[in-house]
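All heavy atoms count here, side chains included; hydrogens, waters and symmetry mates do not.
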Amino acid sequence: MDTFKKYMLTNAGITDKEFDVLSEKLLHKNIEKGEFVLNQGDVCHHSFFVNSGLLRAYTIDESGKEHIIQFASENWIISDRSSAFFNEPSELYIDAIEDTSAVLFDTDFISLANEISTTFRKYNEKLLQNHIRQQQKRINLLISATAEQRYLNFIQLYPDLTLRVPQWMIASYLGITPESLSRVRKELSNRNFQK
């Protein structure tokens, strides 16, 4: 809980006193590697702030192929917003890639935080706008960027994940085959080595 408190005080401008009020609405959960915190078809009741570990959100298409939407490592938040905020069945699975410690909060927590803190309200608005901006950028990359551009963007967004997740997961996130990712990595390595 200390990591989440520090995050809220440092980034969202919450005071110690405000956090004490809000902490009553928080849950802590240890999630084992491979454990699901959300299954497709369930309603998502929480957002997950990762204290330590790694979660991922993904879909599975009709042919059984996984499509990773998001990774969440330390100090990231992951959820299915459309399910949580509109109370509809989730299209996502969220599971743990590593043993994970997470703080869970729901829409009541967000409402209360908005109510008691104007700084949180502004921060939450900025966070939401940034989320939309990143989604738009991601869509644009998926429909118009080369595999190399997508991979370089991935490294910029998730600098610590190339050593923490299997290459097939990175390929899934990028919307390319593992073989294409291997080629991209080899070409980048050769270019950097020749400099």
Side-chain angles (χ1 to χ4, degrees), residues 3-4 6-7 10-11 29-40 44 47-83 90-103 126-195:
T3 306
F4 185 64
K6 182 179 177 186
Y7 175 88
T10 304
N11 297 298
K29 182 171 177 63
N30 289 318
I31 308 156
E32 292 183 15
K33 180 179 179 178
E35 182 180 345
F36 286 84
V37 293
L38 180 67
N39 283 296
Q40 188 179 54
C44 182
S47 293
F48 304 87
F49 173 88
V50 178
N51 287 318
S52 64
L54 183 58
L55 301 176
R56 69 175 172 148
Y58 63 97
T59 61
I60 299 177
D61 67 22
E62 291 176 3
S63 66
K65 185 177 177 185
E66 289 184 14
H67 302 277
I68 297 177
I69 308 297
Q70 181 189 354
F71 293 100
S73 57
E74 292 77 10
N75 294 315
W76 279 66
I77 297 169
I78 192 168
S79 186
D80 181 339
R81 287 176 177 266
S82 61
S83 178
S90 177
E91 296 179 6
L92 302 177
Y93 294 92
I94 300 177
D95 70 355
I97 299 173
E98 301 171 354
D99 288 344
T100 301
S101 165
V103 174
K126 186 177 179 182
L127 202 63
L128 181 59
Q129 295 303 327
N130 188 53
H131 179 73
I132 294 167
R133 178 177 66 136
Q134 291 298 331
Q135 291 297 325
Q136 288 174 333
K137 187 175 183 178
R138 175 101 193 273
I139 292 166
N140 187 46
L141 284 168
L142 286 172
I143 62 175
S144 65
T146 65
E148 181 177 310
Q149 289 168 327
R150 291 183 213 176
Y151 181 62
L152 291 172
N153 180 263
F154 176 86
I155 293 170
Q156 186 178 26
L157 185 61
Y158 298 114
D160 67 326
L161 291 194
T162 56
L163 301 176
R164 292 174 68 180
V165 300
Q167 293 304 299
W168 70 265
M169 285 189 185
I170 295 173
S172 171
Y173 176 87
L174 298 175
I176 61 177
T177 65
E179 294 78 19
S180 294
L181 178 57
S182 282
R183 275 194 301 277
V184 166
R185 288 167 54 93
K186 186 175 181 181
E187 288 169 12
L188 286 169
S189 177
N190 288 341
R191 245 184 285 155
N192 288 331
F193 183 70
Q194 292 171 357
K195 285 183 180 180

- Query: Checking side chain to side chain contact (heavy atoms under 4.5 Å, CB included) for the pair Leu188/Leu152: CA distance, chi angles, key distance, verdict?
  - Reply: CA-CA 10 Å; Leu188 286 169; Leu152 291 172; 4.0 Å; yes
- Message: Tell me the closest heavy-atom pair linking Phe4 and Asn51, and the distance in Å.
- Response: N-OD1, 3.7 Å
- Nearest non-hydrogen partners of Ala72 and Ile78, listed with the distance: CB-CB, 3.6 Å
- Query: Distance only, no hydrogens: is a donor on one side chain within 3.5 Å (strictly under) of an acceptor on the other, for Thr59 and Asp61?
  - Reply: no
- Query: Do Arg133 and Asn130 meet the criterion of a side-chain donor-acceptor pair at a distance under 3.5 Å?
  - Reply: yes
If the condition is side-chain hydrogen bond (donor to acceptor under 3.5 Å, both in side chains), which residues does [X] pass it with, not counting sequence neighbours?
| X | value |
| --- | --- |
| Tyr58 | none |
| Thr100 | none |
| Gln167 | Arg185 |
| Gln135 | none |

[X] side chain vs [Y] backbone, donor-acceptor pair below 3.5 Å:
| X | Y | value |
| --- | --- | --- |
| Asp99 | Lys33 | yes |
| Arg138 | Ile69 | yes |
| Arg164 | Gly53 | yes |
| Ser172 | Glu66 | yes |

- Check the pair Arg150 / Val184 against side chain to side chain contact (heavy atoms under 4.5 Å, CB included), numbers first and verdict last. CA-CA 10 Å; Arg150 291 183 213 176; Val184 166; over 6 Å; no
- Query: In terms of ring plane angle, is the pair Tyr158 and Phe71 parallel, tilted or perpendicular, where the classes change at 30° and 60°?
  - Reply: perpendicular
To the nearest 0.5 Å, what is the distance between [atom1] on [X] and [atom2] on [Y]?
| X | Y | atom1 | atom2 | answer |
| --- | --- | --- | --- | --- |
| Leu55 | Ser73 | CG | OG | 9.5 Å |
| Phe48 | Ser101 | CZ | OG | 12.5 Å |
| Ser83 | Leu38 | OG | CG | 6.5 Å |
| Glu148 | Glu187 | CD | CD | 6.5 Å |
| Leu92 | Cys44 | CG | SG | 8.0 Å |
| Gln70 | Ile77 | CD | CD1 | 9.5 Å |

- For atom CD of Gln134, is the number of surrounding heavy atoms from other residues, nucleotides or ligands below 6.0 Å larger than 12? yes
- Item | Gln129, CD: over 12 other non-hydrogen atoms inside 6.0 angstrom | yes
- Query: Of the options Thr3, Asp160, Leu54, which is the one that meets Glu74 in a side chain to side chain contact (heavy atoms under 4.5 Å, CB included)?
  - Reply: Asp160
- Task: With sequence neighbours left out, write down each residue that passes salt bridge (Lys or Arg N to Asp or Glu O under 4.0 Å) with Glu35, or none if nothing qualifies.
- Result: Lys29
- Using the side chain to side chain contact (heavy atoms under 4.5 Å, CB included) rule, take Leu157 and Tyr173 through it: C-alpha gap first, then chi angles, then the decisive distance, then the call. CA-CA 12 Å; Leu157 185 61; Tyr173 176 87; 3.5 Å; yes
- Given the rule in the side chain to side chain contact (heavy atoms under 4.5 Å, CB included) test, do Leu161 and Met169 qualify, once you have shown the distances and angles that lead to the verdict? CA-CA 10 Å; Leu161 291 194; Met169 285 189 185; over 6 Å; no
- Close side-chain approach of Thr162 to Tyr151, heavy-atom, < 4.5 Å: yes
- Task: Could you tell me which residues satisfy ring pair (Phe, Tyr, Trp, His ring centres under 6.0 Å) with Trp168, sequence neighbours excluded, listed by chain and number?
- Result: none
